[in-house]
Amino acid sequence: MPKTPQAIRGTQDIFGPDAEAFAFVVETFERVRKLYRFRRVEMPVFEKTEVFARSIGETTDIVSKEMYSFDDRGGESLTLRPEFTAGIARAYLSNGWQQYAPVKLATHGPLFRYERPQKGRYRQFHQIDAEIIGAAEPQADVELLAMADQLLKELGIEGVTLHLNTLGDGDSREAWRAALVDHFRAVKDELSEDSQERLEKNPLRILDSKDRRDQRFVADAPKIDQFLSDDARAFFDAVTSGLDAAGVKWQRAESLVRGLDYYRHTAFEFIPDEGSEAAGKLGSQSTILGGGRYDGLMESLGGAATPAVGWAAGIERLAMLVGEREEDALELAVVVEGDTEQLHSAGVRTAMMARSEGVAAEVFAAGSPRKRFDKAVKSGAKVIMAFGEDGEGNLQAPRMKGDEADIERVSHALREFALKLRD
RNA sequence: GCGAUCGUAGCUCAGUUGGUUAGAGCGCCGGUUUGUGGUACCGGAGGUCGCGGGUUCGAACCCCGUCGAUCGCCCCA
């Protein structure tokens with residue numbers, strides 16, 4: 001016997017209730033996205049490596065060690081997408097979608113990151129994604145967040161709050177960053193090992209360190225608000241008042257920064273409330289939906305300066321929060337009581353007629369007659385219909401079992417089909 | 001990349017300080033409950049105890065390695 005190959009680490013085969021929950025998330029997203037008139041876009045799963053390296057930031061962990069990169073036969077370095085935004089930006093530029101600007105785009109699909117798998121985190125994972133490109137106004141941020149908020153509500157997810165921050169414009173962000181470095185460098189020796197390293201690579205990240213040693217110094221660290229330009233402040237005020245008007249609840253998160261270089265102004269995450277049921281289900285992964293404004297991204301890919309905002313959410317994480325979803329019930333189970341040609345065709349034909357009229361049907365025609373009934377009963381079918389023959393081999397009229405209303409609905413469907421045949 | 005815990009039947013798990021042919025439930029297949037049938041009962045198939053070494057008269061159990069899984073750290077959705 002040849003050995004069965006193992007699945008790749010960090011990949012998942014999703015089935016049953018989990019797969020139903022996954023589908024429910026995607027279907028709900030598709031429905032909500034249409035309500036906000038986001039247009040569907042499909043993109044390649046892989047790109048030239050530089051697309052991600054240049055836009056996400058060379059020094060980020062994603063680019064430096066988490067990308068699935070490989071050389072193709074022509075010797076070009078390609079990478080399985082670790083996120084959507086960079087690819088969408090590339091597509092926007094290479095297809096001249098400026099002509100549609102401002103344009104609202106939505107997509108979903110698999111992403112890849114070479115990371116150690118754990119609860120709510122995989123090497124191949126899936127996201128839903130929404131972007132507004134070419135809109136500089138804070139109203140775009142508001143609309144995008146309103147959609148996220150509505151999506152979570154329609155998924156029935158509770159105990160999750162929008163954490164909101166601003167990183168200011170490019171200058172504000174740089175000034176803040178410099179002040180933070182000064183602040184933390186003064187106490188460098190007392191910081192955790194991780195944060196000493198972050199000081200060089202990504203000082204903003206020290207702000208949400210989980211280490212107690214760092215948290216003492218985080219409290220009195222410089223705040224972004226001190227460095228905001230008037231424009232940046234006005235922008236953020238417009239976003240928050242817009243959210244209030246739209247009825248989207250939010251809370252200020254002064255130390256919320258996002259990992260990627262391209263963020264400016266608005267940054268946000270939807271995070272389960274401390275101690276909530278949702279928080280428990282997610283383990284140590286807390287963010288279920290995150291994003292922000294990335295006004296500088298297009299330029300890093302050689303395009304004209306183009307304002308944009310977007311977010312992405314992990315489908316697996318959302319699916320964990322929507323909980324078990326049962327598959328739709330079987331409506332009609334057709335049991336064939338023997339193995340003659342006549343009986344089998346009767347069963348197959350009946351199921352076909354039912355399905356043509358939108359009634360979910362399945363035929364049970366394997367194993368002993370007793371097992372067929374057992375399986376039909378266990379299938380949870382609302383109506384069981386049995387075909388048998390009399391002693392002389394004549395097909396008997398089918399017998400139906402189930403609630404009167406259910407039987408009537410199935411019978412009605414079968415009659416409808418017969419009527420159409422006659423016309 | 002680092003740490004902790006765990007790998008026994010298709011699935012969920014027992015397996016007493018190391019001691020005969022490794023068990024149960026569910027699922028699957030066949031049958032009985034002398035008619036139609038979610039019950040109950042009987043029987044059957046199915047296991048290199050993750051893999052490789054070692055210790056021992058003897059290893060599912062102890063030791064080392066390795067692979068995998070889970071959870072956490074880093075980072076992130």
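First the proteins, then the strands, lettered A, B, ... as listed; each starts at 1.
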A:Phe125 aromatic ring stacked with six-membered ring of B:A77, 5.5 Å and 30°: yes
Contacts of A:Gln139 that satisfy side-chain hydrogen bond (donor to acceptor under 3.5 Å, both in side chains) - sequence neighbours left out: none
Sugar-phosphate, base or nothing in reach of A:Glu115, heavy atoms under 4.0 Å: base
Span that lies between the C1' atom of B:A60 and that of B:U16, in whole angstrom: 14 Å
side-chain hydrogen bond (donor to acceptor under 3.5 Å, both in side chains) evaluation trace for A:Ser379 with A:Glu362: CA-CA 9 Å; A:Ser379 75; A:Glu362 208 163 347; over 6 Å; no
Residues, nucleotides or ligands: over 12 heavy atoms within 6.0 Å of A:Glu30 CD: yes
Residue pairs passing the ring pair (Phe, Tyr, Trp, His ring centres under 6.0 Å) test where at least one lies in residues 265-300 of chain A, sequence neighbours excluded: A:Phe235-A:His265, A:Tyr262-A:Tyr294
Whole-Å P distance, B:G50 and B:C13: 15 Å
Short side-chain N/O contact from A:Arg9 to OP1 or OP2 of B:A69, under 4.0 Å: yes
Listed partners of A:Lys188 passing side chain to side chain contact (heavy atoms under 4.5 Å, CB included), at least two apart: A:Gln196, A:Leu199, A:Glu200
For A:His344, all residues meeting side-chain hydrogen bond (donor to acceptor under 3.5 Å, both in side chains), sequence neighbours excluded: A:Asp339
Distance below 4.0 Å between A:Gln118 side-chain N/O and B:C71 OP1 or OP2: no
Sugar-phosphate, base or nothing in reach of A:Glu337, heavy atoms under 4.0 Å: base
Touch class at under 4.0 angstrom, heavy-atom based, for A:Gly283 against every strand present: sugar-phosphate
Atom pair distance, as rounded to whole Å: CG in A:Asp13 and P in B:C11: 13 Å
Short side-chain N/O contact from A:Arg116 to OP1 or OP2 of B:C76, under 4.0 Å: no
Residues forming a salt bridge (charged side-chain N to carboxylate O under 4.0 Å, His left out) with A:Glu357, sequence neighbours excluded: A:Lys420
A:Gln127 side-chain proximity, nearest of B:C74, B:A77, B:G3: B:A77
Euclidean distance for C1', B:C11 against B:G46 (whole angstrom): 13 Å
Residue list, side chain to side chain contact (heavy atoms under 4.5 Å, CB included) with A:Glu154, at least two apart or on another chain: A:Thr28, A:Arg31, A:Val32, A:Gln150
Contact nearer the 5' end of RNA chain B, comparing A:Arg121 with A:Ile315: A:Arg121
Duplex segments of RNA chain B, taken as runs of at least three Watson-Crick or G-U pairs that stay under 3.5 Å: B:1-7 with B:67-73, B:10-13 with B:23-26, B:28-32 with B:40-44, B:50-54 with B:62-66
Residue A:Phe70 excluded, over 12 heavy atoms near CZ under 6.0 Å: yes
Euclidean distance for C1', B:G47 against B:G53 (whole angstrom): 23 Å
Which residue lies more 5' along RNA chain B, comparing A:Val377 with A:Ala312 via nearest heavy atoms: A:Val377
Side-chain N,O (A:Ser284) to OP1/OP2 (B:C71) below 4.0 Å: no
Whole-Å C1' distance, B:C57 and B:C28: 41 Å
Sugar-phosphate only, base, or nothing, as touched by A:Phe84 at under 4.0 Å among non-hydrogen atoms: nothing
Phosphate contact (B:U36 OP1 or OP2) by A:Arg372 side-chain N/O below 4.0 Å: no
What does the list of N/O pairs under 3.5 Å between the protein and nucleotides 27-30 of chain B look like, with a distance for each?
{"from": "B:G27", "atom 1": "OP1", "to": "A:Lys378", "atom 2": "NZ", "distance (Å)": "3.1"}
{"from": "B:C29", "atom 1": "OP1", "to": "A:Lys375", "atom 2": "NZ", "distance (Å)": "3.1"}

Whole-Å distance separating the CZ atom of A:Phe364 from the C1' atom of B:G38: 13 Å
Contact list for residues 12-41 of chain A, test ring pair (Phe, Tyr, Trp, His ring centres under 6.0 Å), sequence neighbours left out: A:Phe22-A:His126
Nearest-Å distance once atom P is located in both B:C51 and B:U8: 10 Å
Sequence neighbours excluded, every pair satisfying side chain to side chain donor-acceptor pair (under 3.5 Å) that has a member inside residues 169-182 of chain A: A:Asp169-A:Ser172, A:Asp169-A:Ser229
Enclosure of A:Lys48 NZ (heavy-atom neighbours >12, cutoff 6.0 Å): no
A:Phe373 side-chain proximity, nearest of B:A77, B:C74, B:G37: B:G37
Using residues 346-354 of chain A as the side-chain source, report each donor-acceptor pair under 3.5 Å to any protein atom, sequence neighbours left out, with the distance given to one decimal.
{"from": "A:Thr350", "atom 1": "OG1", "to": "A:Ala346", "atom 2": "O", "distance (Å)": "2.7"}

Nearest-Å distance once atom P is located in both B:A59 and B:A22: 14 Å
Members of residues 395-402 of chain A that approach RNA chain B, where some heavy atom sits under 4.0 Å away: A:Arg399, A:Lys401
Between B:A69 and B:C29 - C1' atom distance, rounded Å: 32 Å
